[in-house]
Amino acid sequence: MNSGLRYWREAATLLLAAGAPGRLPRSPLGRFDYELLLLQRSSRSGFMPSAHVFPGGVVEAADFSADWLRLLPASPLCGLGQVRQPPPDSSRAPLFATDREELGSPLPGEVAFRICAIRETFEEAGILLLVPRPGPAAAGGPVPPLPAERLPPAAELSEWRRRVQQDPACFLQLCQHVRCVPNIWALQEWSNWLTPVSRAGRGGRRYDTAFYLCCLQRRPRTSQDGGEVTAFLWSSPPEIIERFKSEEIRLAPPQFYEICRLCNFSSLCELHKFSSDRALEGCECWMPVMLAASDGYIQLLPGDELYPEDPDYTGEKKIVMSTDKKVEDLMKGGSIFHRIVIKNINNLAVYVNIQAKYKHINPLTINSACSDYNSKL
């Protein structure tokens, strides 16, 4: 684990998509054959209280334990594919590029962050994304759940969950007990978000978070943890956006952006193929920069014409971007967009007309306010 980090903590999160029968949609995008898992955080949470988020959390030292190498395949990157060299004008996200051996861990970051995402998904949602040893799981489509006969009885599994919540090192013990390994091969690298300086939580908490995508054949049994998570929601991406716009749920901008990305895919198999083919291209580290307008905010992302050439990553420069102009004026006067317009807590809109990098895909624009500018995109 990178103990030398001063300004943010490393974390991992999981976009978990599971096959589901098509239902009458709540949006004009039609039927989707899968649903996405969101967890509602407790109102007492120190970061994003009451918001609906993807499963995930902070990377622990146990996720980097050398003991995982006794369970996982010994091949380079434990059987994960090697990410290609980034484009000439880009570089591998520091979260992944950091030499973990220099920090005392023989486990590559790409492996440890996946273990973290899988462990946190178990802690928060009761979902065990494991595969019988030695792995990796066979590729070819969305993955099936672990057979019930490989799992301990419900009461015993609940006790294991409690132990892992108290001590992350117990997750490795659980895997040994059921003779399984975390299904790191089912997780595809998706994106990397860095908390903006202006959006730090209590105590200045900021997170450098690896986002992974995992496609499951069908919805697994889900249960809230009774503490950090107070409720969970399985719903299709466009339905989640509709729930957000009707103020049924609250989403943070990165979650909103990524869910709008998923709205491009109504088929789980198409989503799985796209994510699997794209994942080895890697991803870019994005730190939104907040621009305060007279009637709202704009989170600027790399590639936007207003994004600073030298962003204040650490916050030490105390740079504040503000203008007396209204959001509408900034939109009408611009031409190169990669931004999230924030009118209020439940009124977000994504505008992107730049070319997506790393063979990725831009969000599907599902905007409520500021829709007059869609013609520019």
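Given the structure is predicted, the values throughout are model-derived calculations rather than measurements.
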> Could you walk me through whether Glu10 and Arg100 pass the salt bridge (charged side-chain N to carboxylate O under 4.0 Å, His left out) check?
Replying inline: CA-CA 13 Å; Glu10 294 176 326; Arg100 301 293 163 170; 2.9 Å; yes
Donor-acceptor pair, side chain of [X] and main chain of [Y], under 3.5 angstrom:
| X | Y | value |
| --- | --- | --- |
| Asp33 | Ala20 | no |
| Asn362 | Ile354 | yes |
| Gln299 | Val289 | no |
| Ser246 | Glu242 | yes |
| Thr121 | Pro55 | no |
| Glu35 | Ser236 | no |

Please answer: with hydrophobic residues joined when any side-chain heavy atoms are less than 4.5 Å apart, are [X] and [Y] in the same cluster?
| X | Y | value |
| --- | --- | --- |
| Leu77 | Leu280 | no |
| Tyr358 | Phe265 | no |
| Ile361 | Tyr34 | yes |
| Phe256 | Leu271 | yes |
| Trp185 | Leu69 | yes |

>> side-chain contact (heavy atoms from CB on, under 4.5 Å) for Val178 and Arg150? Distances and angles first, verdict last.
In response: CA-CA 6 Å; Val178 297; Arg150 298 301 299 260; 5.8 Å; no
Side chains of [X] and [Y]: closer than 4.5 Å at any heavy-atom pair?
| X | Y | value |
| --- | --- | --- |
| Leu301 | Tyr257 | yes |
| Met321 | Met290 | no |
| His338 | Tyr351 | no |
| Pro182 | Cys175 | yes |
| Leu16 | Leu213 | no |
| Phe122 | Val164 | yes |
| Met331 | Phe337 | yes |
| Leu80 | Ile184 | yes |

Closest heavy-atom pair and its distance - [X], [Y]:
| X | Y | answer |
| --- | --- | --- |
| Ala293 | Lys326 | CB-C, 4.3 Å |
| Ala93 | Asn192 | CB-OD1, 3.3 Å |
| Gly57 | Cys116 | O-SG, 3.5 Å |
| Leu95 | Thr209 | CD2-C, 4.1 Å |
| Val327 | Asp295 | N-OD1, 2.9 Å |
| Val143 | Ala186 | CG1-CB, 3.9 Å |

Indicate whether any N or O donor in one side chain lies under 3.5 Å from an N or O acceptor in the other, for [X] and [Y].
| X | Y | answer |
| --- | --- | --- |
| Arg163 | Gln173 | yes |
| Ser223 | Arg161 | yes |
| Gln217 | His272 | no |
| Trp8 | Thr195 | no |
| Glu258 | Ser191 | yes |
| Glu284 | Trp286 | yes |

Do other residues, nucleotides or ligands put more than 12 heavy atoms under 6.0 Å from the [atom1] atom of [X]?
| X | atom1 | result |
| --- | --- | --- |
| Asp324 | CG | no |
| Glu149 | CD | yes |
| Gln355 | CD | no |
| Arg162 | CZ | yes |

Is the closest basic N to carboxylate O distance between [X] and [Y] below 4.0 Å?
| X | Y | value |
| --- | --- | --- |
| Glu239 | Arg243 | no |
| Glu270 | Lys273 | no |
| Arg70 | Asp67 | yes |
| Arg339 | Asp304 | yes |

>> Going by the rule side chain to side chain donor-acceptor pair (under 3.5 Å), which residues pair with Trp160 if we only count those two or more places apart in sequence or in a different chain?
In response: none
Should the ring pair [X] and [Y] be called parallel, tilted or perpendicular, given that the plane angle runs from 0 to 90° and is split at 30 and 60?
| X | Y | answer |
| --- | --- | --- |
| Trp190 | Phe274 | perpendicular |
| Phe113 | Phe64 | perpendicular |
| Phe171 | Trp68 | tilted |

Working to the nearest 0.5 Å, report the span between [atom1] of [X] and [atom2] of [Y].
| X | Y | atom1 | atom2 | result |
| --- | --- | --- | --- | --- |
| Leu72 | Cys78 | CG | SG | 4.5 Å |
| Ser65 | Leu107 | OG | CG | 8.0 Å |
| Gln188 | Tyr212 | CD | OH | 10.5 Å |
| Thr222 | Leu37 | OG1 | CG | 5.5 Å |
| Leu129 | Leu146 | CG | CG | 9.5 Å |
| Cys214 | Asn183 | SG | CG | 7.0 Å |

>> Please determine whether salt bridge (charged side-chain N to carboxylate O under 4.0 Å, His left out) holds for the pair Glu189 and Lys359, giving the CA-CA distance in whole Å, both sets of side-chain angles, and the decisive distance to 0.1 Å.
In response: CA-CA 12 Å; Glu189 185 176 316; Lys359 295 187 179 180; over 6 Å; no
>> Please determine whether salt bridge (charged side-chain N to carboxylate O under 4.0 Å, His left out) holds for the pair Glu328 and Lys332, giving the CA-CA distance in whole Å, both sets of side-chain angles, and the decisive distance to 0.1 Å.
In response: CA-CA 6 Å; Glu328 179 181 8; Lys332 287 182 177 178; 3.0 Å; yes
> Could you walk me through whether Asp63 and Arg119 pass the salt bridge (charged side-chain N to carboxylate O under 4.0 Å, His left out) check?
Replying inline: CA-CA 9 Å; Asp63 301 322; Arg119 172 183 55 77; 2.9 Å; yes
>> What verdict does the side-chain contact (heavy atoms from CB on, under 4.5 Å) test give for Val53 and Leu38, after you've listed the backbone C-alpha separation in whole Å, the side-chain angles of each residue and the deciding distance to 0.1 Å?
In response: CA-CA 5 Å; Val53 299; Leu38 289 177; 5.9 Å; no
>> As a quick check of understanding, evaluate side-chain contact (heavy atoms from CB on, under 4.5 Å) for Leu172 and Leu71, giving each step before the final call.
In response: CA-CA 9 Å; Leu172 187 144; Leu71 300 183; 4.3 Å; yes
